[in-house]
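Here, residue 1 is the first one in the sequence, and each next residue gets the next number. The figures that follow rest on heavy atoms only: side chains count, while hydrogens, waters and symmetry mates do not. Quantities reported herein were computed from a predicted structural model and do not represent experimental measurements.
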Amino acid sequence: MHLVNRNFLTTEEVYQDLFHKIETLAYMPGIRISENDLCEIYGVSRHIIRNAITQLKAQGLITVYPQRGTYVSLIDMRRVEDILYVREAVEQEALYRVMNLPDTTKLTEQLEANVAEQKKIISHDITVDVFNAADTAFHRNLMTAVGKGNVLDLLKEEYVHVKRWKNFELRDEKRYAQIINDHQSILTAIKTKDILSGRKSLHQHLDTVSNLRILFTTTHPEYFVIPEE
């Protein structure tokens, strides 16, 4: 988003730009945010900055400590885990219904195209937003096949916390190939009508909090609120 060259910005525009920077980790978890600096960057009044920060605070993306300052919130892994738990429950049900469809030819063709697109993306300079869009398309096609293509939109408000986590894990470029392999395993299970293999592959794909626990407990604990065992 290129807003700094605009002559006048609304609260909503400033909020959306800050939201995107927090979601994509341009502003890392725990970094201090200066209202004065933001006023200068965006060329707006403190009133507009404070209104934008209030919205971000309500979403759990900004934490304000009295007498200390304003900070980008740490990634709450319990919150991420709970959101992914709901998402997996929804997708596992969709996968079960897919396995019982009389004809999955159209779906498997769509999923094959998704996987091919993902491979193409990582064969060039990887853009996280582009890869995430291709990833989302894979899952939306799965849901659409059983008439539930918009169900995951119900999680949209909360899903920014998962996206922050995912953008963090994608800082390791090996994760791109792993995600594609997960998709391929799900696709193969659908083709062979292997429900047990499909369920296992989908769980492996979505349960990233368990699979990558070392990232937030040992490697980079400073960016996370770590759930109690």
Interatomic spacing from [atom1] in [X] to [atom2] in [Y] - rounded to 0.5 Å:
X: Thr208; Y: Gln178; atom1: OG1; atom2: CD; value: 11.5 Å
X: Ile179; Y: Phe138; atom1: CD1; atom2: CZ; value: 11.5 Å
X: Tyr176; Y: Asn181; atom1: OH; atom2: CG; value: 15.0 Å
X: His203; Y: Leu84; atom1: NE2; atom2: CG; value: 11.0 Å
X: Asn114; Y: Thr108; atom1: CG; atom2: OG1; value: 11.5 Å
X: Gln184; Y: Thr188; atom1: CD; atom2: OG1; value: 4.5 Å

Counting C-beta onward and ignoring hydrogens, is there a side-chain heavy-atom pair between [X] and [Y] closer than 4.5 Å?
X: Glu112; Y: Gln110; result: no
X: Leu170; Y: Asn132; result: yes
X: Leu142; Y: Glu91; result: yes
X: Ile48; Y: Tyr42; result: no
X: Tyr223; Y: Leu215; result: no
X: Ile190; Y: Leu95; result: yes
X: Asn51; Y: Tyr15; result: no
X: His183; Y: His139; result: yes

Q. Can you check side chain to side chain contact (heavy atoms under 4.5 Å, CB included) on Thr24 and Val128, steps first, answer last?
A. CA-CA 9 Å; Thr24 59; Val128 174; over 6 Å; no
Nearest heavy atoms of [X] and [Y], plus distance in Å:
X: Ala52; Y: Val14; result: CB-CG1, 4.0 Å
X: Val72; Y: Met28; result: CB-O, 3.5 Å
X: Glu158; Y: Ile83; result: O-CD1, 3.4 Å
X: Gly60; Y: Arg79; result: CA-NH1, 4.0 Å
X: Met99; Y: Asp194; result: CE-O, 3.5 Å
X: Gly149; Y: Thr144; result: CA-OG1, 3.4 Å

**Q.** ILVMFWY clustering at 4.5 Å (side-chain atoms), partners of Ile214
**A.**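 None; Ile214 is a cluster of one.
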hydrophobic_cluster_shared for [Y] and [X], side chain cutoff 4.5 Å:
X: Leu61; Y: Tyr71; answer: no
X: Leu202; Y: Val146; answer: yes
X: Leu111; Y: Ile195; answer: yes
X: Met77; Y: Tyr85; answer: no
X: Ile31; Y: Phe224; answer: no

Q: Scan side-chain atoms only and decide if Asn36 and Ser34 contain a donor-acceptor pair under the 3.5 Å cut-off.
A: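 No.
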Q. Does a donor on one side chain and an acceptor on the other come within less than 3.5 Å for Gln59 and Gln55?
A. no
Polar side-chain atom of [X] near backbone of [Y] as donor-acceptor pair, under 3.5 Å:
X: Asn167; Y: Lys163; result: yes
X: Arg97; Y: Ala145; result: no
X: Thr104; Y: Leu107; result: no
X: Asp135; Y: Phe131; result: no
X: Asn100; Y: Tyr96; result: yes

Heavy-atom count around [X] [atom1] within 6.0 Å, excluding the residue itself: above 12?
X: Glu173; atom1: CD; answer: no
X: Lys200; atom1: NZ; answer: no
X: Glu40; atom1: CD; answer: no

Q | Salt-bridge criterion met for Asp207 and Arg213 (N-O under 4.0 Å) | A |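 Between Arg213 and Asp207 there is no salt bridge, as every charged N stays at least 4.0 Å from the carboxylate O atoms.
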Q.
Between Asp82 and Arg78, does any side-chain N to carboxylate O distance fall below 4.0 Å?
A. no
Q.
Does Met143 form a side chain to side chain contact (heavy atoms under 4.5 Å, CB included) with Val90? I'd like the steps, not just the answer.
A. CA-CA 9 Å; Met143 298 295 296; Val90 170; 3.4 Å; yes
Q: Given side chain to side chain contact (heavy atoms under 4.5 Å, CB included), test Tyr27 with Ile62 step by step and report yes or no.
A: CA-CA 11 Å; Tyr27 287 168; Ile62 287 288; over 6 Å; no
Q: Please test Ile121 against Thr127 for side chain to side chain contact (heavy atoms under 4.5 Å, CB included), starting from the C-alpha separation and ending with a verdict.
A: CA-CA 8 Å; Ile121 290 168; Thr127 302; 6.0 Å; no
Q: Could you go through the ring pair (Phe, Tyr, Trp, His ring centres under 6.0 Å) check for Phe216 and Phe168 one step at a time?
A: CA-CA 10 Å; Phe216 59 84; Phe168 192 91; 9.6 Å; no
Q.
Which residue is it: Glu23, Arg87, Arg164, Lys166? I am looking for the one with a side chain to side chain donor-acceptor pair (under 3.5 Å) to Tyr159.
A.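 Only one option passes, and that is Arg87.
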